[in-house]
2 protein chains.
Amino acid sequence: MAPASARPIPVAAIKTQCSSCHLKDICLPCGLTGPEVERLDGLKFARRKIAAGEVLYREGDRFQFIYAVRSGTFKSSLMLADGREQVSGLHIAGELMGLDGLAAGKYASSATALEDTEVCAIPYAHLNELAQQSPNLQMVVARLMSREIVREHSLMMLLGSMNAEERLAAFLLNLSQRMKARGYSPCEFHLRMSRAEIGSYLGMKLETVSRTFSAFQQQRLLEVDKKHIRITDLEGLTRMFETRVH
Amino acid sequence: MAPASARPIPVAAIKTQCSSCHLKDICLPCGLTGPEVERLDGLKFARRKIAAGEVLYREGDRFQFIYAVRSGTFKSSLMLADGREQVSGLHIAGELMGLDGLAAGKYASSATALEDTEVCAIPYAHLNELAQQSPNLQMVVARLMSREIVREHSLMMLLGSMNAEERLAAFLLNLSQRMKARGYSPCEFHLRMSRAEIGSYLGMKLETVSRTFSAFQQQRLLEVDKKHIRITDLEGLTRMFETRVH
DNA sequence: CGCGAATTTGAGTATCATCAATTAGGGTGG
DNA sequence: CCACCCTAATTGATGATACTCAAATTCGCG
C-alpha cells in the first residue's frame with residue numbers, strides 16, 4: 001500500500017529545467033538574468049499531465065507544490081457553504097497556481113483542468129531553499145505573490161463597480177492581453193469555461209452571460225460561436241468601460 | 001529644498017522593537033518563536049503618526065515600506081478610470097498594508113487614515129535581508145502575502161454571489177471577528193467608514209447600505225447610531241448567510 | 001442517430017440604483 | 001453661545017438591470 005501521506009503526485013518524475021523552457025520569459029523565471037535562471041535549474045520538479053475535467057488539487061489539500069501551467073487551461077474554484085461552486089480564477093499557460101495555499105498550509109481553492117493540460121509541480125520547500133541563496137529569486141517569488149494580490153484587486157473592482165456588459169468586456173479583454181503576451185492570437189480564442197462558469201467568475205447568471213454575448217455580437221464587437229470567440233472590434237470593446245456614465 | 005527623491009518619510013525615527021510590542025501576537029511576528037522575534041529586533045523602523053484624512057501612500061508611489069497599523073483605522077482605495085474612488089480594503093490595528101506594491105515596485109492602491117493613526121514603517125528591503133538569514137521569518141512574510149490573497153478571495157466571493165443583506169452581514173461579522181482577535185469588543189464598535197465608503201467596498205450604493213442597516217435594525221440584529229454599531233444578535237446575523245435559498 | 005447537457009431566447013419579477021426631498025450633525029464664525 | 005452652512009445619513013418613489021422560471025434549440029458524445 002502506498003504511503004498515505006499525500007495524494008499520488010509525480011507519476012513520472014521527468015526532470016524539467018526552466019532554462020530550456022519555452023515559457024521561461026513569462027513563467028517563474030520571469031525577471032531573472034541568464035545565470036540566475038540556470039541556478040533555477042537546481043530545482044528539480046516533475047511534469048504532470050492532467051486530463052480535462054480532472055482535479056489537480058483540492059481546497060483543503062496540504063500545500064506542497066506550486067504549479068506552473070505548461071499547456072492548457074485551469075479554473076480555480078471554491079465550494080460555497082450551500083454547496084454551489086464559485087469560480088475564482090482562470091489560468092492559462094505560463095501562469096502559476098497554488099500560491100493561496102501558503103497562508104494556511106492548505107490550498108484555499110481547487111484547481112480543475114478545463115482541457116487536457118500539462119503542469120510543472122514545483123515543491124515549494126525546495127524553491128524556498130533556493131531562494132534563500134538568491135535574493136533575486138526570492139524577490140521573484142515575492143513579486144509573483146504580489147502580482148496575484150493585484151490580479152484579485154482588479155477582479156474586485158470589476159465585481160464591485162461594473163455592470164454585466166462591462167464585466168464581460170473586461171474579462172475578454174484581460175484574457176485577450178494574456179493570450180497576446182503568450183504569443184497567441186489576442187482576437188481569436190477558445191473559451192474553455194462554460195457560460196455557468198464564466199457567470200460564477202464574473203458574478204452573474206449564465207443566462208445573463210449568454211444574453212451579453214448576444215448583445216456584443218449584435219453590436220458587432222464579437223463573433224461568438226459557442227466557446228469560440230473572435231473579437232472584431234477591440235476598441236469598441238474597450239470603450240465599454242469608458243462609457244460608464246451611469 | 002528637500003531632496004525630491006521621495007515624499008518625506010520618517011519624521012522622528014523612533015526606534016521600535018517588535019519583541020516588546022503589544023501587537024506582537026497578531027502582527028508581523030505572528031507565528032515566530034521568542035528568539036526569532038528578538039532577531040526581528042534587528043529590524044530598525046520608524047513609527048509615524050498619520051492624522052485623520054491624511055494619505056499614507058498613494059497609488060503609484062514607489063514601493064519601499066510595508067506598513068503595520070499600530071492604532072487606528074485605514075482604508076485602501078483605487079481611483080477608477082472615471083475618477084470615482086473604489087474602496088478595496090479596511091485595515092485595523094495589527095494588520096499590514098502595502099504588500100500589493102511589491103508586484104510592480106509601486107503601490108497598487110492608496111492608504112488613507114480614517115482617524116488619527118500610528119503605523120510602523122518597515123523598510124521592505126531590510127526585512128528581506130533579515131528574511132534571508134531566517135527561513136522562518138521568510139516563511140512568515142510569504143504567509144502574510146498569501147493571507148492577503150486569501151482575504152481578497154473571500155471578498156470576491158462576497159461580491160460575486162451575495163445580495164445586499166448578505167454582503168453587509170458578512171462585512172460586519174468579518175470586522176467583528178477581527179476586533180475580537182485584537183481584544184476589542186466583537187459586538188460594539190465604531191465604523192470609521194462612511195456609508196459611501198462601505199458601499200464602494202461592498203459593491204452597493206450608499207442608499208442601499210443605509211437601507212440595509214435600517215432593515216437589520218428592524219430585524220433586531222443591530223443597533224445603529226450613525227457610525228456606532230452594536231450587534232445584538234450575532235447568530236441571527238450569521239444566519240443571513242445560510243438563508244441563501246434564492 | 002439519439003440522448004443528455006449546454007446554450008439561447010422570452011416573459012415576468014425582484015432587487016438594487018437613481019433621483020429627490022428631508023433630517024440630523026459637526027464645525028465655523030458672528 | 002447660537003445661528004448657519006455644509007456634509008452625511010435616512011427615507012420615499014420610480015425605474016433599470018439582472019435574476020428566475022420556462023421553453024426551444026443546438027451541440028457533443030456515445
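Because the structure is a prediction, the values reported are computed rather than measured. First the proteins, then the strands, lettered A, B, ... as listed; each starts at 1.
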*asked:* OP1 or OP2 of D:dT11 versus the side-chain N and O atoms of B:S214: is any pair under 4.0 Å?
replied: yes
_Phosphate OP1/OP2 of C:dT7: any A:S210 side-chain N/O under 4.0 Å_ = no
Consider the side chain of [X], meaning its heavy atoms from C-beta on, and name the nucleotide among [options] that approaches it most closely.
X: A:E207; options: D:dC19, D:dA9, D:dT20; value: D:dT20
X: A:K205; options: D:dT20, C:dA17, D:dA18; value: D:dT20
X: A:K227; options: D:dA18, D:dT10, C:dT7; value: C:dT7
X: A:S194; options: C:dT7, D:dA18, C:dA17; value: C:dT7

_Residue met sooner reading DNA chain D from 5', once A:D225 and A:G203 are mapped to nucleotides_ = A:G203
To the nearest Å, how far apart are [X] [atom1] and [N] [atom2]?
X: B:R192; N: D:dA8; atom1: CZ; atom2: P; result: 16 Å
X: A:L206; N: D:dT20; atom1: CG; atom2: P; result: 10 Å
X: A:M193; N: C:dA6; atom1: CE; atom2: P; result: 15 Å
X: B:R84; N: C:dA17; atom1: CZ; atom2: P; result: 12 Å
X: B:H228; N: C:dG25; atom1: NE2; atom2: C1'; result: 17 Å
X: B:I229; N: D:dA9; atom1: CD1; atom2: P; result: 11 Å
X: B:L159; N: C:dC16; atom1: CG; atom2: P; result: 13 Å
X: B:L222; N: D:dT10; atom1: CG; atom2: C1'; result: 16 Å

*Test A:F216 against every option in A:I229, A:T232, A:L222 by the side-chain contact (heavy atoms from CB on, under 4.5 Å) rule and name the one that passes.*
A:L222
*Ignoring hydrogens and angles, state whether a donor on the side chain of B:R178 or B:N174 is under 3.5 Å from an acceptor on the partner side chain.*
yes
*Go through the side-chain N and O atoms of A:S76 and A:H91 and say whether any donor and acceptor fall under 3.5 Å apart.*
yes
*Side-chain-base donor-acceptor pair under 3.5 Å for A:R211 and D:dT20*: yes
_Is it the case that the base of C:dC16 and the side chain of B:E165 share a donor-acceptor contact (distance under 3.5 Å, atom types as modelled)?_
no
*How many angstroms lie between CG in B:L78 and CZ in B:R58, if you round to the nearest 0.5 Å?*
13.0 Å
*Mind checking whether A:Y57 and A:F63 have ring centres under 6.0 Å apart?*
no
_Would you say the rings of B:Y184 and B:F189 are close, in the sense that their centroids are separated by under 6.0 Å?_
no
*asked:* Please check: side-chain N/O of B:S154 versus main-chain N/O of B:R151, any donor-acceptor pairing under 3.5 Å?
replied: yes
*How bent is the helix from C:dC1-D:dG30 to C:dG30-D:dC1, comparing axes over its five end pairs at each side, to the nearest 10°?*
40°
